[in-house]
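What you see is a predicted model; the values in this text were computed from it and never measured. Whatever order the structure lists them in is the order used to number ligands and atoms, beginning at 1. The residues of the chain are indexed from 1 along the displayed sequence.
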Amino acid sequence: MHLTISPSILNCDIADLHGQLESISSADIAHVDVMDNHFVPNLTWGLPVVEACVKTGILPVDAHLMIEDPDRWAPAYAEAGCESVTFHVEAAAAPIRLAREIRHQGARVGLGLRPATDIAPFVDILSEFDMILIMTVEPGFGGQKFLESMLPKIRRTRDAIRSADLPVSIQVDGGVSRQTIEQCAQAGATNFVAGSAIFKAEDAYTEIATLRELAGSHCH
Ligand code: DX5
Ligand code: ZN
């Protein structure tokens, strides 16, 4: 599976969105967190800002929807040109129907799991998704501490994907840094979201390269 570094722009300088996206252009995809103050206790932005990111053409966009009623809202993000759209299973009324709708709009689709949500109920429907997002913090804020207790879930997800021989990638999001990325890669993640690690670094370019190298030595 292709190793992907996906900087989260959650805490970037939003007044300079274009410049901030340029500063991470050596990454694979930009991770854009949509929060509605209901699914999580924080509010960010919606479709117009995500569309603006897509329109810059600097990087493909990975939309992470931390919102209630994704059945209603998620397809528009695919239609807007996001390369991938991830919704949370805890919020979706009909995850299979929604996944198919997102794919039908031409995007890759991700299934997001909060830390306390197990992968077990979804192993039989993995083929409906291109990516499983395993949250490694409680969603809502950047800069939180990585939850090591998520590593067994990453491994179980990897094993389920392998035994079904599916082209599904595992994304980790939350507290991913130089200190934690290798454990994630060892457990089976190939898609790494990092917010503060990249935007608080002195030089985003170097940080992306370092994270890529650390993860790459464990991904196979
Ligand atoms: C948190 C968001 C993350 C966040 C990660 O709910 O989904 O994408 O920006 O930030 P760090 O890497 O600082 O934990
Ligand atoms: Zn995110």
Side-chain angles (χ1 to χ4, degrees), residues 4-14 17 20-21 23-24 27-47 49-50 53 59-68 70 73-74 77 82-92 107-117 129-151 153-154 169-185 189-202 204 207-208 210-212 214-215:
T4 304
I5 303 291
S6 185
S8 162
I9 65 162
L10 180 62
N11 290 312
C12 79
D13 175 7
I14 195 69
L17 191 51
Q20 297 281 278
L21 286 169
S23 76
I24 55 163
D28 302 278
I29 191 164
H31 180 89
V32 182
D33 292 296
V34 176
M35 306 188 188
D36 67 351
N37 201 29
H38 292 276
F39 183 71
V40 288
N42 196 4
L43 183 67
T44 55
W45 41 65
L47 195 55
V49 170
V50 176
C53 292
L59 277 175
V61 171
D62 172 33
H64 176 195
L65 306 182
M66 285 160 277
I67 59 173
E68 295 291 357
W73 302 106
Y77 289 84
C82 292
E83 177 162 299
S84 60
V85 177
T86 297
F87 64 86
H88 274 266
V89 71
E90 303 87 355
R108 290 160 49 80
V109 61
L111 181 74
L113 306 178
R114 301 184 75 123
T117 305
F129 302 95
D130 301 293
M131 183 166 88
I132 304 298
L133 161 57
I134 297 179
M135 288 303 303
T136 42
V137 297
E138 284 291 358
F141 303 93
Q144 301 181 76
K145 193 175 176 305
F146 178 79
L147 292 169
E148 282 192 14
S149 51
M150 294 300 108
L151 292 169
K153 180 159 69 177
I154 301 171
S169 61
I170 299 175
Q171 183 178 64
V172 284
D173 181 9
V176 175
S177 68
R178 291 181 187 212
Q179 285 69 43
T180 57
I181 196 165
E182 289 179 272
Q183 304 167 67
C184 296
T190 56
N191 187 314
F192 306 91
V193 177
S196 40
I198 291 172
F199 281 99
K200 289 220 166 87
E202 222 165 274
E207 199 60 28
I208 290 166
T210 304
L211 292 175
R212 198 189 289 288
L214 289 170

If we only count N/O pairs under 3.5 Å, is Gly140 in contact with ligand 1?
yes
So which heavy atom in the protein is nearest atom 2 (C) of ligand 1, and how far is it from that ligand atom?
Asp33 OD1, 3.5 Å
In terms of residue, atom name and distance, what is the protein heavy atom nearest to atom 13 (O) of ligand 1?
Ser196 OG, 2.4 Å
Result block: side-chain N/O donor-acceptor pairs under 3.5 angstrom for residues 140-148, not counting sequence neighbours:
residue	atom	partner	partner atom	Å
Gln144	NE2	Glu138	O	2.8
Gln144	NE2	Phe141	O	3.0

Polar contact flag for Gly143 and ligand 1 (N/O pairs, less than 3.5 Å):
yes
Hey, are the side chains of Ile132 and Leu111 touching, using non-hydrogen atoms and a 4.5 Å cut-off?
yes
Quick one: side chain to side chain contact (heavy atoms under 4.5 Å, CB included) partners of Ile14, sequence neighbours excluded?
Leu17, Trp45
For ligand 1, is there an N or O atom under 3.5 Å from any N or O atom of Asp173?
yes
Are the side chains of Asn42 and Asp33 in touch, meaning some heavy atoms are under 4.5 Å apart?
no
Give the residue and atom name of whichever protein heavy atom lies nearest to atom 1 (C) of ligand 1, and the separation in Å to one decimal.
Phe141 O, 3.5 Å
Applying salt bridge (Lys or Arg N to Asp or Glu O under 4.0 Å) to Asp36 and not counting sequence neighbours gives none
Judging by distance only, is a nitrogen or oxygen of Glu138 under 3.5 angstrom from one on ligand 1?
no
Ligand 1 atoms in contact with Gly142 (distance to a heavy atom under 4.0 Å)
10 (O), 13 (O)
Please say which of Thr136, Asp62, Thr4 ends up in a side chain to side chain donor-acceptor pair (under 3.5 Å) with Gln171.
Asp62
Listed as residue and atom, the protein N/O/S atoms under 2.8 Å from the Zn ion (ligand 2) are His31 NE2, Asp33 OD1, His64 ND1, Asp173 OD2
Within ligand 1, which atoms have a heavy atom of Gly174 less than 4.0 Å away?
14 (O)
Please indicate whether any nitrogen or oxygen in Val193 is less than 3.5 Å from any nitrogen or oxygen in ligand 1.
no
Any non-hydrogen side-chain atom of Pro115 less than 4.5 Å from a side-chain atom of Pro139?
yes
Please tell me if the side chains of Glu207 and Glu202 come closer than 4.5 Å, counting only heavy atoms from C-beta onward.
no
Say whether Gly175 and ligand 1 are in contact under the criterion: heavy-atom distance to a ligand atom below 4.0 Å.
yes
Record the part of Ser8 in heavy-atom contact with ligand 1 below 4.0 Å; permitted values are side chain, backbone, both and neither.
side chain
Rounded to the nearest 0.5 Å, what separation is found between the NE2 atom of His31 and the CD1 atom of Ile5?
13.0 Å
Quick check: Gly195 and ligand 1, any N/O pair under 3.5 Å apart?
yes
Taking only non-hydrogen atoms of Ala194 and a 4.0 Å limit, the atoms of ligand 1 in range are 12 (O)
Does some side-chain heavy atom of Val193 sit less than 4.5 Å from a side-chain heavy atom of Val176?
no
Interatomic distance, Phe199 atom CZ to Ser8 atom OG [nearest 0.5 angstrom]
7.5 Å
